[in-house]
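Notes follow once the structure below has been shown.
Order of listing sets the numbers, starting from 1, for every ligand and every atom in it.
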Amino acid sequence: MKHLIVVSIDALVYEDLEYARTLPAFSEIMNRAAIIERVRTIYPSLTHPVHATLLTGAPAGVHGIVNNYAHNSLDVSSGEWYNHLSDIKCDTLLHAAKRAGLTTAASTWPLTCCGGDVIDYLVPGMMNYYFDTCGGDILSAYRDKGASDAVMPIIEEGIRRFGHLDEHPSVDEFQIFCASEIFKRYKPNLMLIHPGHVDHMRHISGVFSDEVKKAVRLTDEWLSGLISAVKEVGLWDKTDIVLLSDHGQINITRSISPNVYLAKEGLISCDDDGRITSYLAFCKSAGASAQVYLAHPDDTALKRRVYDILKSLCDEGVYGISRVFTEKEARVEFSLFGDFSFVLEGDGYTSFGEWVSPPAVKGYDLTDYRFGRATHGHLPTLGPQPTFIGRGPSFRAGKTVPTGDILNHAPTLARLLGTELFDAVGVAVDEILN
Ligand SMILES: [Zn+2]
């Protein structure tokens with residue numbers, strides 16, 4: 001039987017590997033690995049859209065997760081994350097694994113809530129507000145979001161040991177504990193794990209810093225725990241382990257909210273408390289890019305008017321916008337499409353906000369990942385790039401490929417499991433497989 005463990009180390013980049021390979025667990029994996037050094041991600045380079053791609057091999061427009069947050073046309077300022085497996089419009093690796101008769105597990109992988117029909121051992125990826133809304137009963141929040149009965153005792157023990165699950169690194173320690181226990185008890189064929197501490201420290205301290213190095217070192221300790229769990233049940237030689245990442249980050253120095261300018265043009269109205277009462281155009285942040293929604297997307301006069309405003313902001317060169325993509329341009333160039341009409345790309349040091357009241361420009365804000373010292377969501381060609389490392393019986397040890405495409409990850413993993421994906425745009429990378 002095959003075993004595949006996929007560890008998505010959020011925002012790990014190729015440049016981290018020089019240090020990582022001096023650490024025990026990374027080096028044990030990397031020394032006999034196939035490596036795709038720099039991987040082109042999708043647009044927008046955001047965690048949930050990319051993790052949907054990692055499961056499907058499809059770009060954002062195709063799998064439908066175009067932002068971390070779903071657009072609600074009735075309440076545009078609401079920020080509900082895409083969290084449920086059913087939000088993904090495409091066939092996923094988890095579905096494909098089940099079709100192949102394999103057992104599956106996921107420990108806090110994004111977009112796995114209520115995915116119990118194809119995830120046998122599920123610790124759902126929980127957001128802070130789920131904890132907030134469960135009246136302090138964290139276990140019932142997990143149950144509500146689909147945690148499997150078989151893993152509830154493991155979740156309970158993890159909470160007892162690691163406490164606050166809405167903070168890094170305890171949320172990472174919790175999920176590694178759960179993953180290790182699940183692997184030891186149930187030996188699933190496919191397991192998905194998503195430690196996010198490296199990403200978190202990049203947001204807080206900048207793209208490269210001592211704090212990020214420390215996060216890489218902590219991640220190595222977690223990988224050591226995972227390797228020990230696999231060895232403990234005698235499956236190390238039969239297990240493929242993949243370390244991959246979803247995006248890089250870029251340093252930013254300020255945030256700007258185009259909604260302030262749209263409101264000045266009468267396209268957004270607010271009450272006295274600054275709450276939006278109506279809108280004709282609304283700019284939704286995707287961190288270092290943004291998506292502009294129209295209340296009436298088929299109104300060509302409105303579309304022209306908003307486009308002209310956005311273009312003039314872009315052409316001025318001081319409003320943080322380097323490109324205004326029409327829906328058609330984003331569709332053709334990046335397979336990014338949805339209910340929005342325009343995509344704004346930042347200037348490389350500005351991220352986008354959604355507030356409506358002036359001032360339009362603010363400094364960084366460490367309480368929101370979109371406005372930290374570094375962020376992402378930018379074009380896939382910018383900044384340090386994510387990476388891919390595969391070690392185990394399926395991978396060609398020592399094979400190095402300088403560049404790759406993240407659309408190919410899911411088809412490659414599907415091939416390794418002896419199955420295939422119905423909706424993948426990418427293709428399996430045979431040169432790294434045995
Ligand atoms: Zn991420």
Side-chain angles (χ1 to χ4, degrees), residues 6-16 20 38-56 59-60 63 65-70 79 81-83 87-88 106-113 124-128 166-169 171-172 175-176 192-209 211-212 215-216 218-219 222 242-252 285-289 336 346 351-352 366 368-389 405-407 409-410:
V6 181
V7 186
S8 170
I9 304 171
D10 205 293
L12 187 80
V13 294
Y14 173 69
E15 286 77 357
D16 295 323
R38 290 183 170 89
V39 175
R40 181 192 163 97
T41 191
I42 58 154
Y43 192 43
S45 50
L46 282 181
T47 299
H48 284 216
V50 182
H51 278 78
T53 295
L54 292 169
L55 290 180
T56 62
H63 61 52
I65 311 298
V66 296
N67 197 318
N68 279 344
Y69 312 99
W81 285 67
Y82 286 109
N83 279 317
D87 291 335
I88 301 174
S107 185
T108 72
W109 184 277
L111 291 151
T112 49
C113 285
M126 298 282 290
M127 310 308 296
N128 296 0
D166 52 353
E167 289 172 6
H168 296 284
V171 63
D172 307 289
Q175 64 159 286
I176 296 292
L192 307 174
I193 314 170
H194 173 235
H197 194 45
V198 171
D199 175 72
H200 178 66
M201 293 316 296
R202 291 211 136 101
H203 283 300
I204 286 183
S205 66
V207 178
F208 296 108
S209 71
E211 285 87 344
V212 169
V216 172
L218 259 184
T219 304
W222 302 330
V242 169
L243 312 181
L244 54 75
S245 49
D246 50 354
H247 51 72
Q249 291 199 19
I250 54 173
N251 285 324
I252 62 158
S285 173
S289 66
L336 172 60
S351 70
F352 293 109
L366 300 185
D368 188 318
Y369 71 92
R370 292 171 295 181
F371 316 133
R373 284 193 172 89
T375 198
H376 47 100
H378 50 280
L379 283 172
T381 46
L382 287 183
Q385 300 286 300
T387 191
F388 179 101
I389 301 156
D405 190 324
I406 210 156
L407 292 170
H409 286 2

Starting from the Zn ion (ligand 1), look over the N/O/S atoms of [X] and name the nearest one.
X: D246; result: OD2
X: H247; result: NE2
X: D10; result: OD1

Checklist entry - Do E211 and I204 have side chains that get closer than 4.5 Å, going by heavy atoms? => result no
Checklist entry - Hey, does L55 have a side-chain heavy atom less than 4.5 Å from the side chain of H63? => result no
Checklist outcome for this item: Interatomic distance, CG@L46 vs NE2@H376, rounded to 0.5 Å, equals 6.5 Å
Next on the checklist: With rounding to the nearest 0.5 angstrom, report the OG1 to NE2 distance, T375 to H203.
Outcome noted: 5.0 Å
Item to check | T47 near the Zn ion (ligand 1) via N/O/S, less than 2.8 Å | outcome: yes
